[in-house]
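See below for the structure under consideration.
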Amino acid sequence: MPEKPYDHNQIELKWHRQWQDAALYKAEENSTRPKYYVLEMLPYPSGTLHIGHIRNYAIGDALARYKWMRGFNVLHPMGWDAFGLPAENAAIANRRPPREWTLQNIEAMKRTHRRFAFSYDWDREISTCEPEYYRWNQWFFLRMLERGLAYRKKALVNWCPKCATVLANEQVVEGCCWRHESTPVEQRALEQWFLRITRYADELLADMEKLEGGWPERVLAMQRNWIGRSEGTEVDFRLDTGEPVRVFTTRVDTIYGATCVILAPEHPLAEGLLDEAGRARAKAMVDARANRDPGDIEKEGFFTGHYATNPYSGEQVPVWIGNFVLIGYGTGAIMAVPAHDERDFEFCTKYGIPIRPVIRPVDGELAREGHLETAFTEDGVMENSGEWSGLPSAEGRRRMSEKAEREGFGKAAVTFRIKDWGISRQRYWGTPIPVIHCERCGVVPVPDEQLPVLLPLDVNITGTGRSPLAEVPEFVNVSCPRCGGAARRETDTMDTFVDSSWYFYRYCDPQNDRLPFDPAKIDYWFPIDQYIGGVEHAILHLIYSRFFTKVMRDLGLVKNDEPATRLFTQGMVIAEGAKMSKSKGNVVAADMLADKFGADTARLFILFAGPPEKEVDWRNEGAEGIYRTLGRIYRFATRNAGRAREGAGGGESDRKVLRKLHQAIRKITEDFESRWHFNTSIATIMELVNVMYAEEARLSGAALAEVLEKLALLLGPFAPYLAQEIWDELGHTGPVFRQPWPAYDPEMAKEDEAEIVVQVNGKLRSRFHAVFGTPKEDLECRALADEKIQPLVSGKQIVKVIVVPDRIVNIVVR
RNA sequence: GCCCGGGUGGCGAAACAGGCAGACGCAGCAGACUUAAAAUCUGCUGGCCCGAAAGGGCCGUGCGGGUUCGAGUCCCGCCCCGGGCACCA
């Protein structure tokens, strides 16, 4: 049979169409197979699908296919993460009817998504731009409002001038907006909606234990850090004005070394303590701190003229204002213990405030006052601390906290770094927050039966800082659902991270119009068995979705405490030394690559570039090598398909090729079951193809049939279109990815003989073949008799001979 | 500063229980086919040295030590690169 040229376009188009019509890639209802839920974190519907996203697909889709072939009932909906419209597209959205624009955008994205994820289940497709999705976002919001998990307050918030909107703390990266890396965020005081994620802070932290082993340590560390739990003590110092000032410390055992109290410049008590000039200085400090990297700012402060009394020692210490004290953490005031805290040390040294050591190292001396070069921050034994002297630090902390609580001037306290999640956005795009402001009734939730509140279509994108929705009278002016009087609709929209916090639940029941989803269906599919995505979501999406899961559990909707048992974070794709991103203009569009070489090549190439957890530096050149290999496979298959259908026979060539085949099956199976190092899986396929070419002329029909058939199956998870085409050429029907995964025969995979390496003093000198299981003594004899070894050992003393059966003989001579 | 990764040919990488360093691919060189080119197929390809060749020797996994018959892999001490966190009291 003549070979055919490899025409990837024709092949991919053909199967793409067939698979669209068939329902074969879908999860089964009432399956007897064990379930497996695979999900990728992909951006949708914004932006261009680039090669980094293909990497996400290539991994997830290969896994989904493999799992099916291994007997699982696999749910593999299209994975996406709903970031909504990028702000820079607002201008476009303004020129065209926004919804139409978005729907077009979605259609284009769907085409690309489908082309790359052939096992993608598009009956489950949902979009956060759709009214139904708004409805359930709003439904969740109202349930949270009922439980006090959603609230409104005036707060200093991060404002990105480019986005013209507020950002959550998690979305501020190095003082700048996460979308505009060179635009510093400003601080503005605005009425904002918050979700009370802090209520779950303890549980979010504690439950990470359940994720150990399944989630990368790196991600857990980042979350732990972000939640930032610390145990300490709150203590009231009594001001000379009579008011208490409460400080938070993790080292109450050092309190006898406290030589001043320092307030944040924004601290509410500061105003009363300061005169006009002082207030101006405090304000200047706040302003100077805005938009700056906090680490760069030099510590500054000034004395308020007031004193406060230490409740343990009775000592009076001066009260200062310090620019390094954060209003947002702890109580916004600290006691400074310069001898035992580096920051306090720096501050007090600068201003000549006494530095008094009160902790000595367990096996050391107490430092002398004025002779410290750095702060001693470790635990030790308390000294010069009145009745507490002689106690170890840890015990002192515990007992001193108890005393504070007993006597009412403080208590043991736990402080978190994480703050409530600000979800208000002044963007046009996003789910409208479903509340109505009535002058008589206050904040009134929109009744469930009036959901969804939809976005108006004719909107001017102003970028002025007010929500564009505020400019649409038909949207804003409503009657109060409670009293019927004139009222105003809330014009803020939700952060799109709200969408992505629960989209993966909706996949289990995308058509439900009674509830966000049927709890029974969630019970079957959840938790997600394998979630795959970039590490950049470690403290955004991945913490929000854990929070949502816990809220949903408390609402009785789900039973699982965590959304995903296993998380895989793939490495970033780097181009020209920088992370691929639209703003840098270095994206390699997936479509371009697919047009030139095909989706199979694009997927295989990104997998071949390196292990999936590692970063890869993208270069176009290599894609041709993969394309060549796929062409070699295709041509080999088409010119030998005829012989394969008939043939019988057998011989040494058959043996060689089949051995390589079974070794390849073993290797690729192992790669799937352990590290997902698909780069080596693909290398193994290439090796197999090279052996097939070398032995082609001498292969029997039977061997050809076996090797081609199993090669198609091995290729199935990585290069679905080509795999299917070969399967078809061989005369099989049905989708290749619904076949069982090939098993390898250990006998077939075995080499006939072992190659024994002979070393002298650890250096490679010779090698010979021996049958497997040759006794140690025989190997030693043969090695010593070897003609290359003889001259190296004769006349020398043989100290020792180490023999590793089937592998190595090492002769040690002197 | 603290916490994670990582450092192997011209390049991407492999070596998964301490046992042949560089599989596989890219780039490069040579040959076959061709009037020619492309495509395709075949071979070579870490460095240095000896040799006409066959072949052989030495060096080589960021640096310095150590353990071991044997170290890219384990231990100790450094250097460099990437990522995360960073006045969090």
Side-chain angles (χ1 to χ4, degrees), chain A residues 3 5 173-174 216-222 224-226 228-230 232 247-251 254 262 289 293-299 322-326 328-337 340-344 346-347 377 415-418 535-536 538-539 571-572 574 579 605 608-611 613-626 628-629 631-632 635 667 670-671 674-675 677 679-690 693-694 696 755-767 788 799-804 807-813:
Chain A
E3 68 177 37
V173 180
E174 285 173 22
E217 195 41 57
R218 185 166 52 138
V219 172
L220 295 178
M222 282 164 79
R224 224 169 257 131
N225 208 306
W226 187 259
R229 181 182 200 273
S230 52
V247 302
F248 174 75
T249 176
T250 55
R251 291 296 304 273
T254 64
I262 310 176
R289 197 160 61 183
D293 182 351
D296 293 346
I297 296 175
E298 178 164 348
K299 288 183 181 47
N323 67 342
F324 70 103
V325 179
L326 303 173
Y329 183 78
T331 59
I334 63 163
M335 62 177 201
V337 185
H340 303 293
D341 182 282
E342 275 162 31
R343 295 149 303 180
D344 298 347
E346 192 189 327
F347 186 83
T377 56
T415 300
F416 290 93
R417 206 184 82 117
I418 193 171
V535 72
E536 64 271 21
I539 50 172
M572 286 188 304
I574 309 287
K579 180 186 166 185
F605 179 43
F608 186 61
E613 73 279 5
K614 233 184 110 173
E615 284 184 354
V616 295
D617 196 1
W618 180 261
R619 47 192 70 243
N620 278 319
E621 295 87 58
E624 274 140 44
I626 294 288
R628 258 199 287 273
T629 300
R632 271 159 76 82
R635 289 189 304 274
K667 168 73 182 147
E670 281 168 8
D671 280 337
S674 58
R675 303 185 303 170
H677 280 196
N679 51 332
T680 60
S681 307
I682 294 161
T684 306
I685 289 174
M686 287 171 167
E687 282 179 59
L688 170 62
V689 173
N690 289 344
Y693 264 72
E696 180 173 7
E755 191 179 44
I756 310 296
V757 167
V758 187
Q759 296 178 338
V760 177
N761 289 344
K763 287 202 165 148
L764 172 71
R765 295 298 168 177
S766 184
R767 58 185 79 204
K788 288 194 196 122
V799 182
K800 200 187 214 179
V801 180
I802 289 104
V803 183
V804 182
R807 288 193 113 143
I808 202 164
V809 178
N810 189 9
I811 303 161
V812 187
V813 298

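Heavy-atom basis, side chains included; hydrogens, waters and symmetry copies ignored. Per chain, numbering begins at 1; letters A, B, ... match sequence-line order.
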At under 4.0 Å, does any side-chain N or O of [X] touch on OP1 or OP2 of [N]?
X	N	result
A/Lys763	B/C59	yes
A/Arg765	B/G56	no
A/Arg417	B/A89	no

Nearest to side-chain heavy atoms of [X], which nucleotide of [options]:
X	options	answer
A/Glu755	B/C20, B/C24, B/G19	B/C20
A/Leu326	B/C85, B/A89, B/G19	B/A89
A/Leu764	B/G82, B/G19, B/A21	B/A21
A/Arg628	B/U40, B/G83, B/C20	B/U40
A/Arg632	B/U42, B/C24, B/C20	B/U42
A/Glu687	B/C41, B/A23, B/G70	B/A23
A/Lys299	B/G19, B/C87, B/C85	B/C87
A/Ala683	B/G19, B/C4, B/C24	B/C24
A/Phe608	B/G82, B/C85, B/G12	B/G12

Sugar-phosphate, base or nothing in reach of [X], heavy atoms under 4.0 Å:
X	result
A/Ser230	sugar-phosphate
A/Ala609	sugar-phosphate
A/Asn225	sugar-phosphate
A/Arg767	base
A/Arg807	sugar-phosphate
A/Pro611	sugar-phosphate
A/Lys614	sugar-phosphate
A/Gly625	sugar-phosphate
A/Phe347	nothing
A/Asn690	sugar-phosphate
A/Val325	base

Could you tell me how far [M] sits from [N] if I compare only their [atom1] atoms? Round to whole Å.
N	M	atom1	value
B/A36	B/A21	P	44 Å
B/C50	B/A13	C1'	33 Å
B/G9	B/G66	P	25 Å
B/C74	B/A14	P	16 Å
B/A71	B/U61	C1'	11 Å
B/G6	B/A17	P	14 Å
B/C78	B/C87	P	27 Å
B/C63	B/G55	P	32 Å

Conformer about C1'-N of B/A21 - syn within 90° of 0, anti elsewhere: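 B/A21: anti glycosidic orientation.
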Would you mind calling B/G62 syn or anti? Take O4'-C1'-N9-C4 for purines or O4'-C1'-N1-C2 for pyrimidines, and syn is within 90° of 0.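 That one's anti.
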Could you let me know what [N] is paired to, Watson-Crick or G-U wobble, both distances under 3.5 Å, or none if it's on its own?
N	value
B/C63	B/G77
B/G9	none
B/U42	B/A30
B/G1	B/C85
B/G72	none
B/G22	none

Measure across [X] and [Y] and return the closest heavy-atom pair with its distance rounded to 0.1 Å.
X	Y	answer
A/Thr629	A/Met686	OG1-CE, 3.6 Å
A/Thr331	A/Phe248	OG1-N, 3.5 Å
A/Ser230	A/Tyr329	OG-OH, 2.8 Å

Would you say A/Arg767 and A/Glu755 make side-chain contact, with heavy atoms under 4.5 Å?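 Yes, close enough: below the 4.5 Å cut-off.
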Considering heavy-atom distances to RNA chain B, does A/Arg675 or A/Ile626 have its closest nucleotide positioned more toward the 5' end?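 Of the two residues, A/Arg675 wins.
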Both A/Met686 and A/Glu217 contact RNA chain B. Taking the nearest nucleotide for each, which residue is further toward the 5' end?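 Looking at RNA chain B, the more 5' nearest nucleotide goes with A/Glu217.
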Is it true that A/Glu217 and A/Arg224 make a salt bridge, defined as a side-chain N closer than 4.0 Å to a carboxylate O?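 Looking at A/Glu217 and A/Arg224, the cut-off is met.
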Over how many whole Å does the gap from A/Glu613 atom CD to B/G82 atom C1' extend?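 That distance rounds to 15 Å.
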A/Asn761 side chain to A/Val813 backbone, donor-acceptor under 3.5 Å: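 Yes; at least one donor-acceptor contact below 3.5 Å.
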Quick one: does any side-chain atom of A/Arg251 pair with a main-chain N or O of A/Thr377 as donor and acceptor, under 3.5 Å?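 The answer is yes, because a donor-acceptor pair under 3.5 Å joins these two groups.
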Geometric cation-pi criterion, A/Lys299 with A/Phe324: 6.0 Å, 45°: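 Yes - A/Lys299 lies over the ring of A/Phe324, closer than 6.0 Å to its centre and within 45° of its axis.
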Name the residue from A/Arg218, A/Arg675, A/His677 that meets the side-chain hydrogen bond (donor to acceptor under 3.5 Å, both in side chains) definition with A/Glu613.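 Of the listed options, the one satisfying the test is A/His677.
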